[in-house]
Each structure stands twice: as C-alpha cells, then as structure tokens.
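Take a look at the structure below.
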Amino acid sequence: MEPAYDEAVPEVLNLTPHVVRLVGDSATVEVAPAGPPARLVLLPDRADGAVRIGPLLVPLKRTAASPDVVGLPDARPGVLLIVARPVAEALPDRDDLFYPHDTVRDADGVVVGCRSLARPVVAAND
C-alpha cells in the first residue's frame, strides 16, 4: 500500500549530510540536515591490484556495501525521510524513504538542487 503524499506532509526529515534544495516553478525550498546522516555499512575494501597512471602507482580496490543501514529511525506515519539513494535502494520496502531526483545544475555543472524526490521501484516477486 502506497501512502498518498499529494498534500503537505506533517514532517520532512533530511537524513543526508547536505542541504536539499527542492526547486519548483516559482519557489525553492531548502531542507536542512536533521542530524547525523543515515548510511549504509561498508564492508572492508579488498585489494585488486594496481595501475600505473603517469608517475603514480594507483591501488585498485574492490568495495561493497552491506544491506545494513545505520542512523535510520523506524518509520512513523506522516513522516517523510530524505536519504541518499543507496540507502533507499537498500530498503525498497520502506514507503517513507525518498532521495533527491531530477537534479538541477548551475552553469559549471555543479548540482544546486532537485526538482523531485524519488523512491526505488519494488520488484514484483514472480
């Protein structure tokens, strides 16, 4: 069951480390970080050789994130949580997790905001 968020949500918490700027046609709303960010627990790096780039010997690593998330409160009715996309994708069944989407960039290509919030598609079990 998907919640209806077409009206004002009583509470929006930004659990990313950055201000999220939501850009509309006639206004921009800034949502400040609400505290420590929700993060995936990273697994230890594994060495994967090296490559010479110019004068440097650059180590190559294999990295992975676990499915565990830290810093994420339990879901509460009427509360929308803005998180990093990997956090939302690790927990696709959580209806309250959204990430910045449709990014807006300045003339230098730097992300300055977003036009929408998104959440992952939950795959149907066949």
Side-chain angles (χ1 to χ4, degrees):
M1 178 167 145
E2 296 190 13
Y5 285 121
D6 29 346
E7 296 183 15
V9 175
E11 188 174 3
V12 176
L13 296 177
N14 175 3
L15 298 181
T16 76
H18 312 285
V19 171
V20 173
R21 287 178 189 83
L22 302 166
V23 180
D25 291 336
S26 60
T28 298
V29 173
E30 291 189 353
V31 183
R39 295 201 184 273
L40 287 176
V41 174
L42 300 178
L43 299 174
D45 294 347
R46 290 188 350 224
D48 193 30
V51 63
R52 183 158 301 281
I53 301 176
L56 296 177
L57 185 62
V58 179
L60 301 175
K61 307 273 179 125
R62 295 258 178 186
T63 64
S66 78
D68 299 324
V69 175
V70 294
L72 189 65
D74 291 335
R76 292 186 294 149
V79 178
L80 185 151
L81 302 175
I82 301 174
V83 297
R85 183 175 183 159
V87 170
E89 289 176 341
L91 301 167
D93 293 324
R94 288 272 306 252
D95 287 337
D96 59 331
L97 303 182
F98 290 80
Y99 54 88
H101 190 61
D102 297 329
T103 54
V104 176
R105 296 177 183 271
D106 67 13
D108 295 323
V110 176
V111 174
V112 295
C114 64
R115 292 185 187 89
S116 65
L117 298 173
R119 59 184 164 167
V121 173
V122 177
N125 291 334
D126 293 325

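Remember, predicted model here, so these are calculated numbers, not experimental data. Just the heavy atoms: all of them, side chains too, but no hydrogens, waters or symmetry mates, feed the values below.
- Side-chain atoms of Asn14 come within 3.5 Å of backbone N or O of Val31 as a donor-acceptor pair.
- Val69 and Val41 fall into different hydrophobic clusters, where Ile, Leu, Val, Met, Phe, Trp and Tyr residues are linked whenever their side-chain heavy atoms come under 4.5 Å apart, directly or through other members.
- Across Val111 and Arg105, no two heavy atoms sit closer than the pair CG2-NH1, 3.4 Å.
- Tyr99 and Leu81 fall into different hydrophobic clusters, defined by Ile, Leu, Val, Met, Phe, Trp and Tyr side-chain heavy atoms under 4.5 Å apart, directly or through other members.
- Taking the side chain as every heavy atom from C-beta outward, Arg76 and Asp96 never approach each other to under 4.5 Å.
- Going from atom CZ of Arg46 over to atom OG1 of Thr63 covers 10.0 Å, rounded to the nearest 0.5 Å.
- Under the side chain to side chain contact (heavy atoms under 4.5 Å, CB included) rule, Ser66 has a single partner from Leu42, Leu43, Leu40, which is Leu43.
- Arg94 approaches Leu72 most closely through the heavy-atom pair NH1-CD2, 3.5 Å.
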Take Ile82 and Thr16 through the test side-chain contact (heavy atoms from CB on, under 4.5 Å) and record every step on the way to the result.
CA-CA 7 Å; Ile82 301 174; Thr16 76; 4.3 Å; yes
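- In terms of heavy-atom proximity, Ala32 sits nearest to Val19 at CA-CG2, 4.4 Å.
- Cluster membership check: Val20 does not share its hydrophobic cluster with Val23, using side-chain heavy-atom separations under 4.5 Å among Ile, Leu, Val, Met, Phe, Trp and Tyr.
- Shortest non-hydrogen contact noted between Asp102 and Ser116 is OD2-OG, 2.6 Å.
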Please report the C-alpha distance between Val104 and Arg115 in whole Å, then the side-chain angles of each, then the deciding distance to 0.1 Å, and finally whether the side-chain contact (heavy atoms from CB on, under 4.5 Å) criterion is met.
CA-CA 7 Å; Val104 176; Arg115 292 185 187 89; 3.7 Å; yes
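- The hydrophobic clustering, which links ILVMFWY residues whose side-chain heavy atoms are closer than 4.5 Å, places Leu91 and Val70 apart.
- Expressed to the nearest 0.5 Å, how far CG of Leu13 lies from CG of Leu15 amounts to 6.0 Å.
- A continuous path of ILVMFWY side-chain contacts below 4.5 Å connects Ile53 to Leu60, so both sit in one hydrophobic cluster.
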Working for side-chain contact (heavy atoms from CB on, under 4.5 Å), residues Lys61 and Asp48:
CA-CA 5 Å; Lys61 307 273 179 125; Asp48 193 30; 5.7 Å; no
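- Across every non-hydrogen atom of Val112 and Arg21, the tightest pair is O-CD, 3.2 Å.
- Annotation for Asp106: atom CG counts as buried by contact number, over 12 foreign heavy atoms lying within 6.0 Å.
- Between Arg85 atom CZ and His101 atom NE2 the span is 7.0 Å, to the nearest 0.5 Å.
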Could you walk me through whether Leu22 and Cys114 pass the side-chain contact (heavy atoms from CB on, under 4.5 Å) check?
CA-CA 5 Å; Leu22 302 166; Cys114 64; 3.5 Å; yes
